[in-house]
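Because the structure is a prediction, the values reported are computed rather than measured. These numbers come from the heavy atoms of this one structure, side chains and all, not from hydrogens, waters or symmetry mates.
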Amino acid sequence: MIPRVPVERVMCEKLLTLDQTESALRAAGVMTEHGIGSVLVSRDGEIIGIVTESDLVRKVLGQGIDPKGVKLETIMSYPPITIDVKGMLEQAYKLMGENQIRHFVVTREGAPCGIVSARSFMESIYP
């Protein structure tokens, strides 16, 4: 059973953003350095997408492409799937299933304020 709590309680507030012109290799390095599974992608300071570990594996490494030459804009998911900070975990679970995703952006008044991952979601259910 999914606890009836807002996503705000399980979201990670560590938001790292890279410009759309950065490489997949840079994104992988940032994720590794910070122990996270996704980075937000921006254009002119505005969030336009998200790149996850799965994107790197499926769209770059799994295709035998050199990650140095791949720009984030070509592999990002856009627009990012979002949920309001007051949204409930039940909604989050539904979003993950309907969109076949494991990371999504939490917003407050339309602005990104956190990330919920499948891992953080599961840890909230099975601590």
Evaluate the side-chain proximity of [Y] to [X]: yes if any heavy-atom separation is below 4.5 Å, no if none is.
{"X": "Val51", "Y": "Met31", "answer": "yes"}
{"X": "Pro6", "Y": "Met88", "answer": "yes"}
{"X": "Val30", "Y": "Arg26", "answer": "yes"}
{"X": "Cys113", "Y": "Glu8", "answer": "no"}
{"X": "Ile101", "Y": "Ser77", "answer": "no"}
{"X": "Thr52", "Y": "Arg102", "answer": "no"}
{"X": "Ile47", "Y": "Val105", "answer": "no"}
{"X": "Glu73", "Y": "Ile48", "answer": "no"}

- Show the numbers, then the answer: is there a side chain to side chain contact (heavy atoms under 4.5 Å, CB included) between Met96 and Val116? CA-CA 10 Å; Met96 285 183 195; Val116 170; 4.1 Å; yes
Could you report the tightest heavy-atom contact between [X] and [Y], atom names first, then the distance?
{"X": "Val70", "Y": "Ile65", "result": "CG2-CG2, 3.4 Å"}
{"X": "Ser23", "Y": "Pro67", "result": "CB-O, 3.7 Å"}
{"X": "Asp44", "Y": "Asp19", "result": "N-OD1, 4.4 Å"}
{"X": "Ala92", "Y": "Val7", "result": "CB-CG1, 3.9 Å"}
{"X": "Met76", "Y": "Lys59", "result": "O-NZ, 4.1 Å"}
{"X": "Phe104", "Y": "Ile81", "result": "CB-O, 3.2 Å"}

To the nearest 0.5 Å, what is the distance between [atom1] ([X]) and [atom2] ([Y])?
{"X": "Arg9", "Y": "Met11", "atom1": "CZ", "atom2": "CE", "answer": "12.5 Å"}
{"X": "Glu22", "Y": "Ser42", "atom1": "CD", "atom2": "OG", "answer": "9.0 Å"}
{"X": "Gln100", "Y": "Ser54", "atom1": "CD", "atom2": "OG", "answer": "11.5 Å"}
{"X": "Asn99", "Y": "Lys94", "atom1": "CG", "atom2": "NZ", "answer": "11.0 Å"}
{"X": "Leu18", "Y": "Lys71", "atom1": "CG", "atom2": "NZ", "answer": "14.0 Å"}

With the 4.5 Å side-chain cut-off for hydrophobic clustering, are [X] and [Y] part of the same group?
{"X": "Ile50", "Y": "Tyr78", "answer": "no"}
{"X": "Ile83", "Y": "Val85", "answer": "yes"}
{"X": "Leu25", "Y": "Leu61", "answer": "no"}
{"X": "Val60", "Y": "Val57", "answer": "no"}
{"X": "Leu16", "Y": "Val106", "answer": "no"}

- Would you check if the side chain of Lys14 reaches a backbone N or O of Ile36 as a donor-acceptor pair within less than 3.5 Å?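 Side chain of Lys14 to backbone of Ile36: no pair is present.
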- Message: Under the criterion side chain to side chain contact (heavy atoms under 4.5 Å, CB included), I'd like the reasoning laid out for Leu40 against Ile115: C-alpha separation, chi angles, the key distance, then a yes or no.
- Response: CA-CA 9 Å; Leu40 299 178; Ile115 295 279; 3.9 Å; yes
- Query: Can you name the side chain to side chain contact (heavy atoms under 4.5 Å, CB included) partners of Glu123, sequence neighbours left out?
  - Reply: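 Applying side chain to side chain contact (heavy atoms under 4.5 Å, CB included) to Glu123 gives Arg119.
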- Crowded around Glu46 CD? As in, over 12 foreign heavy atoms under 6.0 Å?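 Atom CD in Glu46 is not crowded, with 12 or fewer foreign heavy atoms closer than 6.0 Å.
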